[in-house]
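Residue numbers run from 1 in the order of the sequence given.
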Amino acid sequence: MKRSGICRVDPAAFVKANLPISAVPSVPEILLHTAGPASGLWRLAGRGEADPPPYWAYPWAGGAVLARHLLDRPEIVAGRRVLDLGAGSGLVAIAAAKAGAAMVTAVDVDANAIAAIGLNAAINGVTISAVAADILDAPAPEATDLIVVGDLFYDPSLALRVLAFLRLCRASGIEVLVGDPERAYLPDRELRRISTQAVADFGATVSGSAVQAGVFSLS
């Protein structure tokens with residue numbers, strides 16, 4: 001929602017003041033600043049319709065199932081260099097760090113998400129390099145062993161760009177893991193299902209209800 005004439009507030013200060021810390025449903029080992037009905041997120045938006053929606057303010061099923069998977073199987077990330085693409089709140093990046101990754105980078109296009117990731121990493125006692133950037137048209141990232149992707153296949157044009165980038169990364173020898181509750185534009189034919197688990201999803205029809213979400217590897 002647009003609000004004309006309102007100055008942008010400092011995102012880190014806003015998150016600390018208005019998004020209380022709570023355990024993530026299905027991943028209680030991780031604490032996040034999470035928006036509630038009275039958080040007033042519109043105060044962090046308002047520059048125009050081009051501003052990204054505040055997806056970072058809530059845990060989503062794809063991130064939750066991927067975070068759960070990494071915490072339950074720490075050998076997947078132990079000692080490895082991990083990049084969380086479209087990191088949002090940093091949930092999956094934090095799980096990777098907690099599971100023993102040697103280095104974790106969280107990338108998101110939303111500067112507000114980057115501020116939230118820094119705060120969320122701190123309250124979970126992990127170190128994450130958070131970067132505000134759109135890297136989907138860039139070369140495969142260097143010094144990366146594993147890319148984790150939660151909930152990025154909800155929009156057709158974005159899904160095409162994400163898949164093209166992930167194909168490039170896979171061809172460069174980087175492992176790719178995707179967490180998703182099988183949203184509309186998930187490229188099923190190019191993915192191999194590793195596991196399925198019921199997790200909470202902010203976007204579920206009934207508040208607090210669980211959905212079946214999968215962890216997939218890119219073929």
Side-chain angles (χ1 to χ4, degrees), residues 1-64 66-68 70-71 82-99 101 103-136 141 148-152 154-155 158 179 199-204 207-208:
M1 185 179 298
K2 297 173 66 175
R3 292 291 191 277
S4 59
I6 295 178
C7 296
R8 298 280 288 182
V9 298
D10 176 73
F14 179 90
V15 169
K16 290 178 73 173
N18 296 282
L19 277 67
I21 297 169
S22 60
V24 177
S26 310
V27 198
E29 302 96 318
I30 294 178
L31 303 174
L32 296 179
H33 286 278
T34 303
S39 292
L41 282 176
W42 59 265
R43 284 180 283 164
L44 277 181
R47 286 183 301 176
E49 293 180 359
D51 286 344
Y55 294 128
W56 55 269
Y58 313 94
W60 297 82
L66 199 46
R68 183 74 270 153
L70 298 182
L71 289 171
V82 179
L83 187 148
D84 183 2
L85 180 66
S89 65
L91 170 58
V92 183
I94 291 167
K98 279 183 166 288
M103 181 176 71
V104 181
T105 302
V107 179
D108 201 284
V109 297
D110 191 338
N112 293 326
I114 300 306
I117 290 168
L119 296 172
N120 288 332
I123 60 178
N124 286 280
V126 297
T127 299
I128 292 170
S129 175
V131 180
D134 181 346
I135 65 171
L136 294 181
V148 289
V149 185
D151 292 297
L152 281 189
Y154 57 87
D155 173 85
L158 176 62
V199 293
D201 185 27
F202 174 77
S207 178

Checklist outcome for this item: Shortest non-hydrogen pair, Tyr58 vs Ala35, comes out as CE2-CB, 3.6 Å
Checklist entry - Do Ser129 side-chain atoms and Thr105 backbone N/O form a donor-acceptor pair below 3.5 Å? => result no
Checklist entry - Is there a side-chain contact between Pro54 and Asn112 (heavy atoms, below 4.5 Å)? => result no
Checklist entry - Any idea which heavy atoms bring Ala96 and Val82 closest together, and the distance? => result CB-CG1, 4.1 Å
Checklist entry - Any side-chain heavy-atom pair from Leu136 and Leu158 closer than 4.5 angstrom? => result yes
Checklist entry - Is there a side chain to side chain contact (heavy atoms under 4.5 Å, CB included) between Ile114 and Trp56 once you walk through the steps? => result CA-CA 9 Å; Ile114 300 306; Trp56 55 269; over 6 Å; no
Item to check | Least distance between heavy atoms, Ser39 atom then Gly36 atom | outcome: OG-N, 2.8 Å
Checklist entry - Does Asp134 reach the main-chain N or O of Val109 with its side chain, forming a donor-acceptor pair under 3.5 Å? => result no
Item to check | Interatomic distance, Ile117 atom CD1 to Leu32 atom CG [nearest 0.5 angstrom] | outcome: 10.0 Å
Checklist entry - For the atom pair CG (Asn124) and NZ (Lys98), what is the distance rounded to the nearest 0.5 Å? => result 5.0 Å
Next on the checklist: If I compare all heavy atoms of Arg68 with all of Val27, which pair ends up nearest, and what's the gap?
Outcome noted: NH1-CA, 3.7 Å
Checklist entry - With distance as the sole test, does Asp108 use its side chain to make a donor-acceptor pair with the main-chain N or O of Asp110 at under 3.5 Å? => result yes
Next on the checklist: Could you go through Ile123 and Ile21, starting from their C-alpha distance and side-chain angles, then the distance that decides it, and tell me whether this counts as side chain to side chain contact (heavy atoms under 4.5 Å, CB included)?
Outcome noted: CA-CA 9 Å; Ile123 60 178; Ile21 297 169; 3.8 Å; yes
Item to check | Closest heavy-atom pair and its distance - Ala200, Ser26 | outcome: N-OG, 3.1 Å
Checklist entry - Which heavy atom in Thr34 sits nearest to a heavy atom in Ser22, and how many Å separate them? => result OG1-OG, 3.7 Å
Item to check | Rounded distance (nearest 0.5 Å) linking atom CG of Asp84 with atom CG of Leu70 | outcome: 9.0 Å
Next on the checklist: Could you go through Leu119 and Leu19, starting from their C-alpha distance and side-chain angles, then the distance that decides it, and tell me whether this counts as side chain to side chain contact (heavy atoms under 4.5 Å, CB included)?
Outcome noted: CA-CA 11 Å; Leu119 296 172; Leu19 277 67; over 6 Å; no
Checklist entry - Would you say the side chain of Ile94 lies within less than 4.5 Å of the side chain of Asn120, judging by non-hydrogen atoms? => result yes
Next on the checklist: Tell me whether Trp60 contacts the main-chain N or O of Tyr55 through its side chain, where contact means a donor paired with an acceptor under 3.5 Å.
Outcome noted: yes
